[in-house]
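What follows is a set of notes on a single structure, which appears directly below.
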2 protein chains.
Amino acid sequence: MNTVIDLISRMRELNGTLPKREQLVADFVLGNLDQIPFLSQHEIAKAADVSVATVNRFAMTTGCEGFRDFKIRLAQSVAVSQQYFDANGIDTSPAGQLVGKVFGTLSDTLGLARSQLEMQPVENAVDMLNGAQRIVFFGVGGSSANVAREAANRFFRLGIASEAHADGYVQRMLVSTLDKKDLVFAISSSGQPAELLDSVTIAKQYGVPTLSLTKAGSELAALTDLCIQLDLPEDPDIYKPSAQRLVYTAIIDVLAMGTARKRPDRVKENLRRIRTSLLPLSKDSGPRPIGD
Amino acid sequence: MNTVIDLISRMRELNGTLPKREQLVADFVLGNLDQIPFLSQHEIAKAADVSVATVNRFAMTTGCEGFRDFKIRLAQSVAVSQQYFDANGIDTSPAGQLVGKVFGTLSDTLGLARSQLEMQPVENAVDMLNGAQRIVFFGVGGSSANVAREAANRFFRLGIASEAHADGYVQRMLVSTLDKKDLVFAISSSGQPAELLDSVTIAKQYGVPTLSLTKAGSELAALTDLCIQLDLPEDPDIYKPSAQRLVYTAIIDVLAMGTARKRPDRVKENLRRIRTSLLPLSKDSGPRPIGD
DNA sequence: TCAATTATGTAAGTAACTTACATTTATTCC
DNA sequence: GGAATAAATGTAAGTTACTTACATAATTGA
């Protein structure tokens, strides 16, 4: 729902460029976002000390078809952007703020990723993954390495030989032993690490199919046979871990789910065996997430 | 925004229990969710072949104060529940469906986690983490192990000695060497793995503070000094990886961010050093996510 | 300074929602 | 089965809220 994000952003873009009276309306609206959808035009006009026609004009200025349209669209914007704050209003506790920010940014970044994702490369990637006899996931640099590890953790369950490597030396040695029935899947948020680019280049020289999940327009994106590419913003708050790696993990889940659905019988049997293998390791035999 | 989820759920609960004409309205509304907020009462009445007063009654039956209130609340419900589907309407491509499902479930699970999270244990956990001289993250079983690894990847940047271990043997040996200035942080979606419980028990015997992120009411939850506990549903679709581990990673991010904010100078300097250390490893020196 | 353009408010016009009441339908009780 | 009661329903009047028109005020540019 890009229309959802756009209305709050739109008002923020317009902020400071509006005629005097409309600016008063904008100030009031931006300062009372969650209540506005439930207020009448007259109530807003009174609170902002302007006429009702100015409120209507402001709604038109934002690109809506009128105040009615504005109210509905704002309700949607507010609902999405505030869904992780406390239901009783804005939670002012330090922890509440942290949760709202981390969860909200993740949600926004998921929305952005969704708008950027092209479905055809996703479907082609699922086909590549489903057709591979062995998948080698590569990632370097902490989080990307962990995403690669988690990818292997997902795909081994589907009955495809899957492994993950973060060590650049091992990566380049390993790709030298692969062939065209295998698949190299490189994961990197920046698309720039030299070691990763070298390993992928070597894989291609040996005719190994290559796939990547990385930054749009990067060297890695251009280098691999197929790329799922995204241009996600870096978080302005340096103290906050990037939402990007969680989005990458969710995309791995999309690919894993798509691949699983292409081989349901094998997957089901594997999951059953996995569950059985885990039974003796717990203090009781209650339900466990088989997707863990 | 639990009110957001409730209206669609509410209508689904009421489905089949309504008077005849109101049931026609419900059928039409549930079949055209994304358009309803932009239709008038009269338009809905005509489409459902009922009177306008019946549409108003239906709105009242759902618990709203009238049709105006209903429309706003429905706009919010729809915006949240459909935010990851294609902006042009429901995407019927296989990949679009996968993305919508994975992203949507993650968003729902984040919302559920938010409603369950208690802020006081989160703040206490941040204090424990900030006060530890060394943090040892434990997870077993694939994804929890990867969450633990990612946690260590987050916390080492804050200037706290941080490590992750998935091997039960190493875990129990290691906790035998810790003392009360250290912290054991156990991560498990089920809260039941015997090895993990044993290691935590040994840690406690040696007076090592213990923290966990795990299933509410589980043995691990009861065992540790402090627990961030959640009761998240297992996904009914066996082919889909669980959203839970992504939610757990997001909660680790909350804790990491909270801890970082308690030591801003140290963190800033560490992040600067980390970025500097990474510079020679890329094919160019463009911006990289420092949170990676 | 003046003319043209833009901004603004008031009030009339219109759309849409809410409420009242009469009629119809369904349920309950004898 | 029939009468009484309760619930459901539609029509239309009443009310609210939004939209539009127009006059006036303020701003901009030559």
Side-chain angles (χ1 to χ4, degrees), chain A residues 3 7 10-11 13-78, chain B residues 3 7 10-11 13-78:
Chain A
T3 48
L7 195 51
R10 180 79 180 120
M11 286 192 289
E13 282 166 26
L14 290 170
N15 216 14
T17 71
L18 295 162
K20 279 187 189 171
R21 288 296 194 280
E22 287 190 33
Q23 187 61 53
L24 291 179
V25 180
D27 293 340
F28 180 71
V29 169
L30 285 169
N32 297 274
L33 283 172
D34 54 335
Q35 294 164 52
I36 299 297
F38 298 98
L39 299 180
S40 71
Q41 195 179 59
H42 175 74
E43 284 168 325
I44 294 167
K46 215 162 79 166
D49 201 25
V50 300
S51 68
V52 291
T54 299
V55 175
N56 188 268
R57 285 188 195 105
F58 174 71
M60 304 293 285
T61 300
T62 64
C64 296
E65 288 185 16
F67 185 70
R68 284 190 175 106
D69 189 41
F70 174 80
K71 227 171 25 166
I72 296 291
R73 290 184 189 281
L74 187 65
Q76 293 177 325
S77 295
V78 171
Chain B
T3 49
L7 196 50
R10 180 79 181 119
M11 286 193 290
E13 283 164 24
L14 290 169
N15 216 16
T17 71
L18 294 162
K20 276 188 191 169
R21 289 295 194 279
E22 286 190 33
Q23 188 59 52
L24 290 179
V25 181
D27 293 340
F28 180 70
V29 170
L30 286 169
N32 298 273
L33 283 172
D34 55 334
Q35 294 166 53
I36 299 296
F38 298 98
L39 299 179
S40 70
Q41 194 177 60
H42 175 74
E43 284 169 324
I44 295 169
K46 214 162 74 166
D49 202 25
V50 300
S51 67
V52 291
T54 299
V55 175
N56 189 268
R57 284 186 196 109
F58 174 72
M60 303 294 286
T61 299
T62 63
C64 295
E65 287 184 17
F67 184 70
R68 285 191 175 105
D69 189 42
F70 173 80
K71 226 170 30 166
I72 297 291
R73 291 185 189 281
L74 186 65
Q76 293 178 325
S77 294
V78 171

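Below, each value reflects all heavy atoms present in this structure, side chains not excepted, and no hydrogens, waters or symmetry copies. Every value quoted in this text rests on a predicted model; they were computed, and no experiment measured them.
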Spacing of B:Glu22 atom CD relative to D:dG10 atom C1', expressed in whole Å: 13 Å
Pairwise ring pair (Phe, Tyr, Trp, His ring centres under 6.0 Å) hits with a residue in residues 38-62 of chain B, at least two apart: B:Phe58-B:Phe70
Residue list, salt bridge (Lys or Arg N to Asp or Glu O under 4.0 Å) with A:Asp49, at least two apart or on another chain: none
Partners passing side chain to side chain donor-acceptor pair (under 3.5 Å) against B:Glu43 (at least two apart in sequence or in another chain): B:Ser40
Residues that A:Arg57 engages under side-chain contact (heavy atoms from CB on, under 4.5 Å), provided they are two or more places apart: A:Glu22, A:Ala53, A:Thr54
Residues in side-chain contact (heavy atoms from CB on, under 4.5 Å) contact with A:Asn32, at least two apart in sequence or another chain: A:Phe28, A:Gln35, A:Ile36
CA sep, side-chain torsions, deciding dist, call: A:Arg73, A:Thr62, side chain to side chain contact (heavy atoms under 4.5 Å, CB included): CA-CA 11 Å; A:Arg73 290 184 189 281; A:Thr62 64; over 6 Å; no
Note, A:Leu33 side chain near A:Ser77 side chain (heavy atom, < 4.5 Å): no
Shortest non-hydrogen contact from B:Ala48 toward B:Leu24: O-CD1, 3.7 Å
Donor-acceptor pairs under 3.5 Å, side chain of residues 13-21 of chain A to any protein atom, not counting sequence neighbours: which ones?
unit_1, atom_1, unit_2, atom_2, d
A:Glu13, OE1, A:Arg10, NH1, 3.4
A:Asn15, OD1, A:Gln23, NE2, 2.6
A:Thr17, OG1, A:Leu14, O, 2.7

Rounded distance in Å - NZ (B:Lys20) to P (D:dG10): 12 Å
A:Ala75 versus B:Gln76, closest heavy-atom pair with distance: O-CG, 3.3 Å
Covered region of DNA chain C, 5' end to 3' end, by chain B [heavy atoms, under 4.0 Å]: C:dC17 to C:dA26
Net bend of the helix from C:dT1-D:dA30 to C:dC30-D:dG1, end axes of five pairs each, nearest 10 degrees: 30°
Between the protein and nucleotides 15-19 of chain D, which nitrogen or oxygen pairs are less than 3.5 angstrom apart?
unit_1, atom_1, unit_2, atom_2, d
D:dC18, OP1, A:Lys71, NZ, 3.3
D:dC18, OP2, A:Gln41, N, 2.7
D:dT19, OP1, A:Phe67, N, 3.4
D:dT19, OP2, A:Asn56, ND2, 2.2
D:dT19, OP2, A:Phe67, N, 2.9

